[in-house]
Amino acid sequence: MRHIVVFKYKPSATPEQIDQVTKAFSGLKDKIPGIIAFEHGINDSPENKNLGFTHVYQLTFTDAATRDAYLPHPEHKKFGQLLGQLKVVEDVFVVDYAPVGE
């Protein structure tokens, strides 16, 4: 199960704050069972269709049940509290999917 989270940071967000968010998000892999991979990156598309969303975070879960357990997990809630304290995210969208073979 893939969990894709894409942030649009506020123009006032500093590189240090964005790094703090990224490190905290990455750290969930070691704190919440069922997260088997974490990746992140910054939009580099020449199409200019990202609507201001720049930072992509992808978590891979063993299955939908572990994703479902992640959502209310106390460590995930602490991450949400950090975002609330920093006030650097302007908008976010989330897409979850189970990979399908060809």
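Numbers for residues simply follow the sequence, beginning at 1. We use all heavy atoms of the structure for the numbers below, so side chains are in, but hydrogens, waters and symmetry mates are not.
- Listed by chain and residue number, nothing satisfies the salt bridge (Lys or Arg N to Asp or Glu O under 4.0 Å) test with Asp44 (two or more places apart in sequence, or in another chain).
- Counting only residues at least two apart or on different chains, the salt bridge (charged side-chain N to carboxylate O under 4.0 Å, His left out) pairs with a member in residues 10-25 are Asp19-Lys23.
- How far CZ of Phe25 is from CG of Leu59: 5.0 Å, rounded to the nearest 0.5 Å.
- Applying the side chain to side chain donor-acceptor pair (under 3.5 Å) test to pairs two or more places apart or on separate chains, none has a residue in residues 29-42.
- Residues meeting the side-chain contact (heavy atoms from CB on, under 4.5 Å) test with Ala24, sequence neighbours left out: Phe79, Leu82.
- Partners of Asn50 by side-chain contact (heavy atoms from CB on, under 4.5 Å), not counting sequence neighbours, listed by chain and number: Asn43, Asn48, Thr54.
- Of the residues Val6, Val5, Ile4, the one that meets the side-chain contact (heavy atoms from CB on, under 4.5 Å) test with Phe93 is Val6.
- Both Tyr57 and Val92 are part of a single hydrophobic cluster, where members link through side-chain heavy atoms under 4.5 Å apart.
- For Ser26, the side-chain contact (heavy atoms from CB on, under 4.5 Å) partners two or more places apart in sequence, or in a different chain, are Phe38.
- Hydrophobic cluster membership differs between Val56 and Phe61, with clusters built from Ile, Leu, Val, Met, Phe, Trp and Tyr side chains linked at under 4.5 angstrom.
- Qualifying ring-ring contact (aromatic ring centres under 6.0 Å, His included) partners for His55, counting only residues two or more places apart in sequence or in other chains: Tyr9.
- A centroid separation of 6.0 Å or more is found between the aromatic rings of Phe7 and Phe53.
- In this structure Ala65 satisfies the side-chain contact (heavy atoms from CB on, under 4.5 Å) test together with Asp63, sequence neighbours excluded.
- The side-chain heavy atoms of Thr66 and Ile35, taken from C-beta on, include no pair separated by under 4.5 Å.
- Remark: Lys49 pairs with no residue by the salt bridge (Lys or Arg N to Asp or Glu O under 4.0 Å) rule, at least two apart or across chains.
- Ion pairing of Asp96 with Arg2 is absent here, as no side-chain N (NZ or NE/NH1/NH2) approaches a carboxylate O to less than 4.0 Å.
- Residues Val95 and Leu71 do not share a hydrophobic cluster, clusters being chains of Ile/Leu/Val/Met/Phe/Trp/Tyr side chains in contact below 4.5 Å.
- Note on Leu51 and Val94: separate hydrophobic clusters, where clusters join Ile, Leu, Val, Met, Phe, Trp and Tyr whose side-chain heavy atoms are under 4.5 Å apart, directly or indirectly.
- One hydrophobic cluster, built from ILVMFWY side chains closer than 4.5 Å, cannot hold both Ile42 and Val89; they sit in different ones.
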Chi angles and distances behind the side chain to side chain contact (heavy atoms under 4.5 Å, CB included) call for Val88, Val21: CA-CA 9 Å; Val88 294; Val21 169; 4.2 Å; yes
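- Here His73 pairs with nothing under the side chain to side chain donor-acceptor pair (under 3.5 Å) rule; sequence neighbours left out.
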Side chain to side chain contact (heavy atoms under 4.5 Å, CB included) assessment of Ile18 paired with Thr14: CA-CA 6 Å; Ile18 293 171; Thr14 67; over 6 Å; no
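- Sorted by first and then second residue, the salt bridge (charged side-chain N to carboxylate O under 4.0 Å, His left out) pairs with a member in residues 76-90 read Glu75-Lys78; sequence neighbours excluded.
- A tilted orientation is assigned to the rings of His76 and Tyr70, their planes being inclined by 30° to 60°.
- Under the salt bridge (Lys or Arg N to Asp or Glu O under 4.0 Å) criterion, Asp91 pairs with no residue at all, not counting sequence neighbours.
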